[in-house]
Q: 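Please find one structure pasted underneath; my questions will follow.
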Amino acid sequence: MSFARTGLRTLRSLPSAQVYRSSNILNQRRLISDEARKLIDNAVHSNPLVVFMKGTPEAPQCGFSRAVCQILDVQGVPREKIVSYNCLEDQELRSAIKEYSEWPTIPQVYIKGEFVGGCDIVLGMHQSGELENLLIKEGLAPPLPEAEPAPKA
């Protein structure tokens with residue numbers, strides 16, 4: 001009985017935000033099955049560019065997924081380098097990917113095993129030039145050709 005009381009006192013002494021966040025993470029870890037976690041881990045770590053989206057790159061079924069695909073096209077990423085998973089075809093994947101990344105929305109972009117973000121983050125990175133640098137660095141997009149100097153008159 002004293003062990004339980006000590007544990008309760010410890011919990012009460014912690015800031016409520018910390019207790020909430022810790023219990024939230026534990027709950028999320030329990031909600032995603034080990035099999036789903038293993039499948040997502042394998043997909044994310046064995047492919048250089050993975051997009052979990054609604055639809056496919058050829059036929060996106062959501063404006064945000066379409067925007068991510070268009071940004072990758074503009075950046076010069078060949079379609080064959082994009083491994084995509086249609087979250088509309090698999091309800092378990094749709095909920096598991098949100099728990100896996102602790103990110104509530106789809107699409108989700110992963111580069112070299114790292115979660116990059118959703119549509120808003122990818123758009124911001126595109127606008128700042130950060131996405132282009134990352135894609136070139138990871139060999140997913142061709143570098144821009146060197147600008148030729150203007151001829152002297």
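All values derive from a computational prediction rather than experimental measurement.
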Q: Tell me, do I97 and C87 make a side-chain contact under 4.5 Å, heavy atoms counted?
A: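 They are in side-chain contact.
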Q: Tell me whether the count of non-hydrogen atoms from other residues, nucleotides or ligands lying under 6.0 Å of CD in E35 goes above 12.
A: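 Counting other residues, nucleotides and ligands, CD of E35 stays at 12 neighbours or fewer.
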Q: Indicate if I82 and I136 have the same hydrophobic cluster label, given that clusters are the connected sets of ILVMFWY residues with side-chain heavy-atom separations under 4.5 angstrom.
A: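 Hydrophobic grouping puts I82 apart from I136.
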Q: Are side-chain heavy atoms of L134 and L140 found at a separation under 4.5 Å?
A: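 Not touching, per the 4.5 Å side-chain cut-off.
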Q: Assign the ring pair Y110 / F52 to parallel, tilted or perpendicular, where the plane angle (0 to 90°) is split at 30° and 60°.
A: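 Plane angle over 60°, so perpendicular.
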Q: If you group Ile, Leu, Val, Met, Phe, Trp and Tyr by side-chain heavy-atom gaps below 4.5 Å, do V68 and L88 land in one group?
A: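 Result: no, two separate clusters.
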Q: Is the closest side-chain heavy-atom distance between I71 and L131 below 4.5 Å?
A: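 They are in side-chain contact.
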Q: Hey, is the main chain of S101 close enough, under 3.5 Å, to the side chain of Q108 for a donor-acceptor pair?
A: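 Between the backbone of S101 and the side chain of Q108 there is no qualifying donor-acceptor contact (under 3.5 Å).
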Q: Search all heavy atoms of G117 against all heavy atoms of V122 and return the closest pair with its distance.
A: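 Of all heavy-atom pairs spanning G117 and V122, the closest is O-CG2, 4.1 Å.
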Q: I'd like to know if the side chain of D90 and the backbone of E92 have a donor-acceptor N/O pair within less than 3.5 Å.
A: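 Here the side-chain-to-backbone pair exists.
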Q: Going by heavy atoms in the side chains, are M53 and N86 under 4.5 Å from each other?
A: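 Side chain of M53 against side chain of N86, heavy atoms only: no contact under 4.5 Å found.
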Q: side-chain contact (heavy atoms from CB on, under 4.5 Å) between K81 and L72: does it pass, once the steps are laid out?
A: CA-CA 10 Å; K81 288 193 177 186; L72 294 173; over 6 Å; no
Q: Is the closest side-chain heavy-atom distance between Y100 and I32 below 4.5 Å?
A: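 Yes, side chains in contact.
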Q: Hey, is the main chain of K54 close enough, under 3.5 Å, to the side chain of S65 for a donor-acceptor pair?
A: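 Yes, the answer is positive, given that a donor and an acceptor are paired below the 3.5 Å cut-off.
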Q: Side chain of N42, backbone of K38: donor and acceptor closer than 3.5 Å?
A: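 No, N42 side chain to K38 backbone: no donor-acceptor pair under 3.5 Å.
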Q: Please walk me through it: do H126 and Q75 pass side-chain hydrogen bond (donor to acceptor under 3.5 Å, both in side chains)?
A: CA-CA 8 Å; H126 168 66; Q75 292 291 338; 2.5 Å; yes
Q: Do other residues, nucleotides or ligands put more than 12 heavy atoms under 6.0 Å from the CD atom of E114?
A: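 No.
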Q: CZ/R37 to CD/E99 distance, rounded to the nearest 0.5 angstrom?
A: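 The CZ atom of R37 sits 8.0 Å away from the CD atom of E99.
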Q: Among the clusters formed by ILVMFWY side chains lying less than 4.5 Å apart, do L39 and V109 turn up in the same one?
A: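 They do not share one cluster, since no chain of ILVMFWY contacts under 4.5 Å joins L39 to V109.
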Q: Compare every heavy atom of A96 with every heavy atom of A36, then report the nearest pair and how far apart it is.
A: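 Of all heavy-atom pairs spanning A36 and A96, the closest is CB-CB, 4.1 Å.
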Q: Could you check if a side-chain atom of L49 sits within less than 4.5 angstrom of a side-chain atom of E138, using non-hydrogen atoms only?
A: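 A side-chain contact under 4.5 Å is absent here.
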Q: Are Q61 and T56 close enough that a side-chain donor and a side-chain acceptor fall under 3.5 Å?
A: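 Absent: no donor and acceptor within the cut-off.
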Q: Mark yes when over 12 heavy atoms from residues, nucleotides or ligands other than F64 sit less than 6.0 Å from its CZ; otherwise mark no.
A: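 Not more than 12 within 6.0 Å, no.
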Q: To the nearest 0.5 Å, how far apart are SG in C119 and CZ in R66?
A: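 If we round to the nearest 0.5 Å, C119:SG and R66:CZ are 12.0 Å apart.
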